[in-house]
Undergrad: 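I am attaching a structure below and will ask some questions about it afterwards.
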Protein chains: 2
Amino acid sequence: MATPSALDRTLAALADPTRRGVVDRLRQRPHPAGELAAAFDMSPPAMSRHLRVLRQTGLVEERIDADDARVRVYSLRPEPFAALRGWLEEVESFWSDQLGAFKAHAERTRGTKPSGGRKS
Amino acid sequence: MATPSALDRTLAALADPTRRGVVDRLRQRPHPAGELAAAFDMSPPAMSRHLRVLRQTGLVEERIDADDARVRVYSLRPEPFAALRGWLEEVESFWSDQLGAFKAHAERTRGTKPSGGRKS
DNA sequence: TTAATCATTCACCCTGACGTTAACGAGTCT
DNA sequence: AGACTCGTTAACGTCAGGGTGAATGATTAA
């Protein structure tokens with residue numbers, strides 16, 4: 001865990017409910033920082049830190065409002081989402097690749113029948 | 001956020017580098033718990049807790065080895081990955097949807113305040 | 001039965017993440 | 001200039017998450 005990968009940082013950023021909510025909200029339109037803080041009933045400093053995390057992973061970008069330079073407008077950036085989807089599809093190939101899935105399964109069970117699952 | 005959504009729990013589970021590494025490793029084939037602990041140079045209790053988290057989010061499933069009932073074999077489950085991909089594609093529709101993309105671009109180039117003030 | 005093995009849960013510590021208030025820099029307005 | 005606003009960073013407290021070692025339960029081997 002010396003240097004967390006970009007994917008790790010993306011996932012960590014999206015794991016927080018507040019930050020995921022911010023992403024969902026930015027899907028509609030860009031928002032000023034203050035508006036986001038108010039929308040999530042949170043102090044401006046707290047939201048500022050969340051936005052910094054999202055910014056550092058490249059999930060959002062910051063712009064200065066054209067009409068009022070005090071206002072920072074945040075909007076989504078596509079790259080990290082695309083990277084995450086790339087990894088996801090790689091993982092999901094585990095199932096779409098029938099041969100590989102069967103081989104892996106057979107290797108472990110060696111002809112015995114996999115019956116009833118167990119729950120936690 | 002008293003009750004984190006399934007998506008939040010999935011993302012939280014995948015945010016940890018160890019757990020994401022476990023997922024990556026399980027892509028090759030199912031693994032016994034002890035093998036995973038050794039592979040990540042980690043005590044069995046630590047790995048056991050990671051596996052519990054993954055299990056509780058449905059990302060992996062536990063089975064008793066057919067040859068030795070002491071061994072718990074872990075393998076991937078598809079559902080949470082599909083759900084995550086669903087959300088991801090929803091977010092990415094922000095860009096693939098031409099109208100939405102245009103709207104977002106227009107907002108960004110004009111500023112977000114509809115209060116009459118024009119940029120230049 | 002007794003000893004050894006696999007994996008879990010239990011008890012504890014400790015770092016890191018998130019939230020708050022206060023102070024600061026930057027920009028707007030009169 | 002001075003007062004006000006937006007958003008940030010700074011300092012601090014709190015709490016969950018993740019690590020360890022010891023104890024427990026289940027299974028296998030002698």
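Numbered from 1 within each chain, the chains take letters A, B, ... in sequence-line order.
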Undergrad: Measuring from A/Met47:CE to A/Leu54:CG, what's the distance to the nearest 0.5 Å?
TA: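 Spacing of CE (A/Met47) from CG (A/Leu54) equals 9.0 Å.
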Undergrad: For C/dA17, take OP1 and OP2 only and decide whether either is under 4.0 Å from a side-chain N or O of A/His50.
TA: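 The answer is no; no side-chain N or O of A/His50 sits under 4.0 Å from OP1 or OP2.
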Undergrad: Can you measure B/Gln56 atom CD to C/dT8 atom P for me and round it to whole angstrom units?
TA: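 In whole Å, C/dT8 P and B/Gln56 CD are 12 Å from each other.
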Undergrad: Decide, yes or no, whether a salt bridge links B/Asp16 with B/Arg20 under the criterion of side-chain N to carboxylate O below 4.0 Å.
TA: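 No.
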Undergrad: Ignoring backbone atoms, test whether B/Tyr74 places a side-chain nitrogen or oxygen under 4.0 Å from the OP1 or OP2 oxygen of C/dC6.
TA: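 So the side-chain polar atoms of B/Tyr74 never come under 4.0 Å of the phosphate oxygens OP1 or OP2 of C/dC6.
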Undergrad: Heavy-atom nearest nucleotide on DNA chain C for B/Leu51 versus A/Arg49: which residue maps closer to 5'?
TA: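 This one resolves to B/Leu51.
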Undergrad: Using only side-chain N and O atoms of A/Ser43, determine if any of them is under 4.0 Å from OP1 or OP2 of C/dT20.
TA: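 So the side chain of A/Ser43 is within the cut-off, an N or O lying under 4.0 Å from OP1 or OP2 of C/dT20.
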Undergrad: Please state how far atom CZ in B/Arg63 lies from atom P in C/dA7, giving the value in whole angstrom units.
TA: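 Distance check: B/Arg63 CZ to C/dA7 P gives 14 Å.
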Undergrad: Separation of B/Asp16 atom CG from C/dG16 atom P, in whole Å?
TA: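 Result: 14 Å.
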Undergrad: What is the distance, to the nearest angstrom, from the CG atom on B/Leu54 to the C1' atom on C/dA7?
TA: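 So the two atoms are 16 Å apart, to the nearest Å.
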Undergrad: Scan nucleotides 25-30 of chain D against the protein and return all N/O pairs shorter than 3.5 Å with their distances rounded to 0.1 Å.
TA:
from: D/dT28; atom 1: OP1; to: B/Ala69; atom 2: N; distance (Å): 3.3

Undergrad: Please report the interatomic distance CG(A/Leu59) to CG(A/Leu51), rounded to the nearest 0.5 Å.
TA: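 With rounding to 0.5 Å, CG (A/Leu59) is 11.5 Å from CG (A/Leu51).
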Undergrad: Could you work out which one of D/dT8, C/dG19, C/dT8 sits closest to the side chain of A/Ala46?
TA: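 Within the option list, the nearest is C/dG19.
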Undergrad: May I have the distance from A/Leu14 (atom CG) to C/dA17 (atom C1'), rounded to whole angstrom?
TA: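 Spelled out: CG on A/Leu14 to C1' on C/dA17 is 16 Å.
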Undergrad: Are A/Leu14 and A/Met42 co-members of a hydrophobic cluster defined by side-chain heavy atoms under 4.5 Å apart?
TA: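 In one cluster with A/Met42: A/Leu14, yes.
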Undergrad: Counting side-chain heavy atoms from CB outward, which of D/dT20, D/dG7, D/dG18 is closest to A/Val71?
TA: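 Minimum distance to the A/Val71 side chain belongs to D/dG7.
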Undergrad: Only distances under 3.5 Å count here; give the side-chain donor-acceptor pairs of residues 68-75 of chain B to other protein atoms, sequence neighbours excluded, each with its distance to 0.1 Å.
TA:
from: B/Asp68; atom 1: OD1; to: B/Arg70; atom 2: N; distance (Å): 3.0
from: B/Asp68; atom 1: OD1; to: B/Arg70; atom 2: NE; distance (Å): 3.1
from: B/Asp68; atom 1: OD2; to: B/Arg70; atom 2: NE; distance (Å): 3.4
from: B/Asp68; atom 1: OD2; to: B/Arg70; atom 2: NH2; distance (Å): 2.9
from: B/Arg72; atom 1: NH1; to: B/Glu62; atom 2: OE1; distance (Å): 3.4
from: B/Tyr74; atom 1: OH; to: B/Arg55; atom 2: NH1; distance (Å): 3.0
from: B/Tyr74; atom 1: OH; to: B/Glu62; atom 2: OE1; distance (Å): 2.8

Undergrad: Let me know the distance between CE of A/Met47 and C1' of C/dT20, rounded to the nearest Å.
TA: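 So the two atoms are 15 Å apart, to the nearest Å.
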Undergrad: Report the residue (A/Ala12 or A/Pro45) whose heavy-atom-nearest nucleotide on DNA chain C is the more 5′ of the two.
TA: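 It is A/Ala12, whose closest nucleotide lies nearer the 5' terminus.
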Undergrad: Expressed as a whole number of angstroms, how long is the span from B/Met42:CE to C/dT8:P?
TA: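 Taking atom P of C/dT8 as the reference, CE of B/Met42 is at 13 Å.
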Undergrad: Test B/Phe94 against A/Gln28 for side-chain contact (heavy atoms from CB on, under 4.5 Å), laying out the working first.
TA: CA-CA 8 Å; B/Phe94 177 81; A/Gln28 313 308 319; over 6 Å; no
Undergrad: Counting just side-chain N and O atoms, does B/Arg19 come under 4.0 Å of either OP1 or OP2 of D/dG18?
TA: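 Yes, because at least one side-chain N or O of B/Arg19 sits under 4.0 Å from OP1 or OP2 of D/dG18.
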Undergrad: What does A/Phe40 touch in the nucleic acid at a heavy-atom separation under 4.0 angstrom: a base, only the sugar-phosphate, or nothing?
TA: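 Nothing, no nucleic acid heavy atom in range.
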Undergrad: How many whole angstroms separate atom CD1 of A/Ile64 from atom C1' of C/dT28?
TA: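 A/Ile64 atom CD1 is separated from C/dT28 atom C1' by 14 Å.
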Undergrad: Between A/Glu92 and B/Arg27, does any NZ, NE, NH1 or NH2 come within less than 4.0 Å of an OD or OE carboxylate oxygen?
TA: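 Not counted as a salt bridge, because no side-chain N and carboxylate O are separated by less than 4.0 Å.
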